[in-house]
Asks: 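I'd like to ask some things about the structure below.
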Amino acid sequence: MRFSQIPGHTLLKSQLCEAVRRSHVSHAQLFYGTEGSMQLAMAMAFATFINCENKSETDSCGQCASCRKMDKLAHPDFHFVFPIVKTKKIKTDDSASGSADAYMAAWRDFIQNTVYGSLAQWHEQIGAEKNQQAIIPADEARKIVQKISLKAYEGNYKIMLIWLPELMNVTSANAILKILEEPPAKTIFLLVSNDAPRLLPTIISRTVSLHIPNIGQEALTEFLQNQYQIPAQRAAELADLSGGNMLEAITLHNNTDEDLFENFSGWMRYCFKTDVINLVKLADQFEQMDRSNQKLLIDYGLGMYRNILLYKNAGESLIKLEAKELDFVRKFSKTIMDTKIEAITEQLSHTYYLLERNAKPKILFLDLSLQLTRYFIR
Ligand SMILES: [Zn+2]
């Protein structure tokens, strides 16, 4: 991972490079942000830059022996710790959680494909069951201490990256604390957290904290456009809906309009029929979607109601929709009075607003559904 592969964050990147050039790199740094942001990518690019043999002012070279090994996650002085849980998919020895080495191949796959990946995606990668929760067990923390006390093979620095230190138990955290207090020479710890408030204050106080915010709209738009060859307007929409969160933007991109139409049209049919049993089921189903997809569904609904209003007032000429969407608009517009569309739009917008403020989705969707049942002509 190189800095140039991460969109935006220009100032932050130059600060990190500057610290290396001035030899002001702290021995323990915490990269934190919300899940789906680029804190892991940033820590990886930083580690690559530190050990690059031919770095420029602003980035690692990507060509030298160190960069090539870093790229394959096979640098002997670059170590990882990440949460694990014993699963059928990963063959390990018989210890409580198995040895993290057995998870290394899965880890390489994970960060090479989705460096902004979530804990849920990591669980999926290692084949964890629904009720399983990966943690950083004490064994792993002890191994960190052992590995770190060995001499560096070839790099300038030994670097230990701990992904999701918030998932250490107390024993693990205490082992790490000791080594953070008295770190061996030329050793750097990079802690990468998705949930920094859960970290022990004693850990936070021993690190230099770096907040990695979501990517700026412009940089994310440009990245999405280039990465997925999508039109600028769509890319800007995804960047906006996701609030600059990389994981959310990509999830939204992968969520096809097909799903949206099916979800929305099915939902409206149940509202029309006041089918409360199915509306409750749907609210459950919508709750399972991640928040950006919930917002996308509402946003899609707002668009469809705009089209219904257009259709009622000006006919089909101004509407740009796919055939089945148009068919839905034609039929559905007969069930709603013009005067009710404003109220419906307000209800949808209000739900969107509350979703952004982390209200409970199941209650929101069910409440919205019950409100909507009042607006139809039957
Ligand atoms: Zn290099």
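Start at 1 and go down the list; that is how both ligands and their atoms are numbered. Computed from a predicted model, the values in this text were never measured in an experiment.
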Asks: Pick out which of Leu310, Leu302, Ile308, Leu309 makes a side-chain contact (heavy atoms from CB on, under 4.5 Å) with Arg306.
Replies: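 Answer to the side-chain contact (heavy atoms from CB on, under 4.5 Å) test with Arg306 among Leu310, Leu302, Ile308, Leu309: Leu302.
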Asks: Here's one to test your reading of the geometry: is the NZ or CZ of Lys55 within 45 degrees of the ring axis of Phe49 and under 6.0 Å from its centre?
Replies: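 Ring-cation test returns yes.
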Asks: Distance under 6.0 Å and angle within 45° of the ring axis: does Lys340 meet both against Tyr375?
Replies: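 Not flagged: Lys340 not positioned over aromatic ring of Tyr375.
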Asks: Classify the side-chain pair Ser172/Asn169 by whether it contains a donor and acceptor separated by less than 3.5 Å.
Replies: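 The answer is yes; a qualifying pair exists.
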Asks: Among the protein atoms near the Zn ion (ligand 1), how many are N, O or S and lie under 2.8 Å away?
Replies: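 Near the Zn ion (ligand 1), the number of protein N, O or S atoms below 2.8 Å is 4.
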Asks: Is Met337 isolated, or which residues cluster with it under the ILVMFWY side-chain rule of less than 4.5 Å, directly or via members?
Replies: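 Ile377, listed by chain and number.
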Asks: Any donor-acceptor pair under 3.5 Å linking the side-chain atoms of Glu53 with those of Ser66?
Replies: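 No.
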